[in-house]
Amino acid sequence: MKKLLMAILLGTFFICASSANAAQDLKNVLDAQQETSDTESLANKYERAGKKEDAKKAWEALVAKNTNDTAAYGRYADALIRMGDAGGAIAQLEKAQQFDPNNSAFYTFRITEILAANNKQDEAKAILTKLMNETKDNWVKENVKSRLEQMDILKNTSPTTEGGTVSTPMMQQPPSPGSPMPGAVSTPMTQSAQQTTVPVSAPQQSK
């Protein structure tokens, strides 16, 4: 009888301890999410106020605490594009690509869109050609071919605007990781060569 009571007490103790640990873990997760949200909100406020360096510092602090959060790198890249820092945006997407190699093509398409929109079509074409030669994914191959064809057409037909810049259309947006691969390429949207938006959809955090 005493052994049975002891077993029940020990079982109750471990259940309570486990519940307490689970509650603490949940609190830690919620606190981290709130901190991330607050930091990102601060960065956005700095950006809207035109304080680009302060905004970048806030973003750097955020990704430093979430080094494997590929979505955070993607949102930081979005912000850098809005602030006119194409090189910085590409660097963030390359970091995300390292943490999420299974969706490497997704980041490559975003990177080459930024390059093409900043008059670096040759560099973008070289990256896309390399991807096409290395990938075994038929959808990726077809998407690359479409993008390369669009770049060739634009090179021969896009009018030069004031200041020597060329109007570059936005390539078809690749689906976010986890989404089904479409079988057709949609008509591109026109976008200024001086600035391009990054796809709204962002990869989910790697596990």
Side-chain angles (χ1 to χ4, degrees), residues 26-121 123-124 127-128 147 161-179 188-207:
L26 177 59
K27 183 179 184 301
N28 291 339
V29 170
L30 293 175
D31 288 345
Q33 291 178 343
Q34 185 60 50
E35 183 179 3
T36 295
S37 178
D38 291 343
T39 303
E40 187 168 341
S41 178
L42 178 63
N44 291 333
K45 288 179 180 178
Y46 281 137
E47 181 188 337
R48 289 193 295 270
K51 299 179 179 180
K52 296 181 180 181
E53 292 306 315
D54 288 332
K56 290 179 182 180
K57 288 179 181 178
W59 274 111
E60 288 292 341
L62 188 153
V63 297
K65 292 183 178 180
N66 300 274
T67 54
N68 64 341
D69 185 351
T70 56
Y73 289 116
R75 295 196 302 276
Y76 185 13
D78 292 341
L80 288 168
I81 284 292
R82 292 193 299 269
M83 291 186 280
D85 186 355
I90 290 173
Q92 295 306 315
L93 292 173
E94 289 174 342
K95 290 179 183 178
Q97 193 172 42
Q98 292 175 359
F99 285 108
D100 192 14
N102 291 333
N103 292 301
S104 181
F106 172 82
Y107 301 104
T108 297
F109 287 143
R110 294 184 70 184
I111 289 169
T112 54
E113 285 174 2
I114 296 171
L115 290 171
N118 284 273
N119 296 323
K120 294 183 179 180
Q121 287 88 352
E123 188 175 344
I127 293 173
L128 288 171
R147 289 162 185 265
T161 60
E162 291 186 16
T165 59
V166 179
S167 177
T168 305
M170 174 72 79
M171 300 295 181
Q172 180 209 7
Q173 304 296 351
S176 59
S179 300
M189 298 171 57
T190 302
Q191 182 70 23
S192 168
Q194 290 299 317
Q195 184 177 9
T196 180
T197 56
V198 183
V200 174
S201 57
Q204 297 180 352
Q205 181 175 350
S206 301
K207 296 182 179 178

N/O donor-acceptor pair under 3.5 Å between [X] side chain and [Y] backbone:
{"X": "T39", "Y": "E35", "answer": "yes"}
{"X": "T67", "Y": "A64", "answer": "no"}
{"X": "N118", "Y": "I114", "answer": "yes"}

How far does [atom1] of [X] sit from [atom2] of [Y], to the nearest 0.5 angstrom?
{"X": "I127", "Y": "I90", "atom1": "CD1", "atom2": "CD1", "value": "7.5 Å"}
{"X": "F106", "Y": "L93", "atom1": "CZ", "atom2": "CG", "value": "8.0 Å"}
{"X": "Q97", "Y": "K95", "atom1": "CD", "atom2": "NZ", "value": "13.5 Å"}
{"X": "W59", "Y": "L42", "atom1": "CH2", "atom2": "CG", "value": "11.0 Å"}

Minimum heavy-atom distance between [X] and [Y], given as atom pair plus value:
{"X": "M83", "Y": "A55", "result": "SD-CB, 4.0 Å"}
{"X": "A72", "Y": "L62", "result": "CB-CD2, 3.8 Å"}
{"X": "A124", "Y": "L115", "result": "CB-CB, 4.0 Å"}
{"X": "Y107", "Y": "T70", "result": "OH-CB, 3.6 Å"}
{"X": "Y76", "Y": "V63", "result": "CD2-CG1, 4.2 Å"}

For this session: Answer whether the closest heavy-atom distance between the side chains of Y73 and N66 falls below 4.5 Å.
Result: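 Result no, sub-4.5 Å side-chain heavy-atom pair not found.
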
Exercise. Less than 4.5 Å apart, any side-chain heavy atom of K65 and any of T36?
Worked result: no

Exercise. Considering the options K57, R82, R75, which one meets the salt bridge (Lys or Arg N to Asp or Glu O under 4.0 Å) requirement together with E47?
Worked result: R82

Exercise. Any side-chain donor paired with an acceptor under 3.5 Å for E40 and N44?
Worked result: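 There is no such pair (donor and acceptor under 3.5 Å, judged by atom type) between the side chains of E40 and N44.
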
Problem set entry | Distance-only donor-acceptor check, side chains E53 and Y46, under 3.5 Å |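 No, no side-chain donor-acceptor contact under 3.5 Å.
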
Exercise. Does the pair D85/K52 count as a salt bridge with the N-to-O cut at 4.0 Å?
Worked result: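 Looking at K52 together with D85, the answer is no, because their closest N to O distance does not fall below 4.0 Å.
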
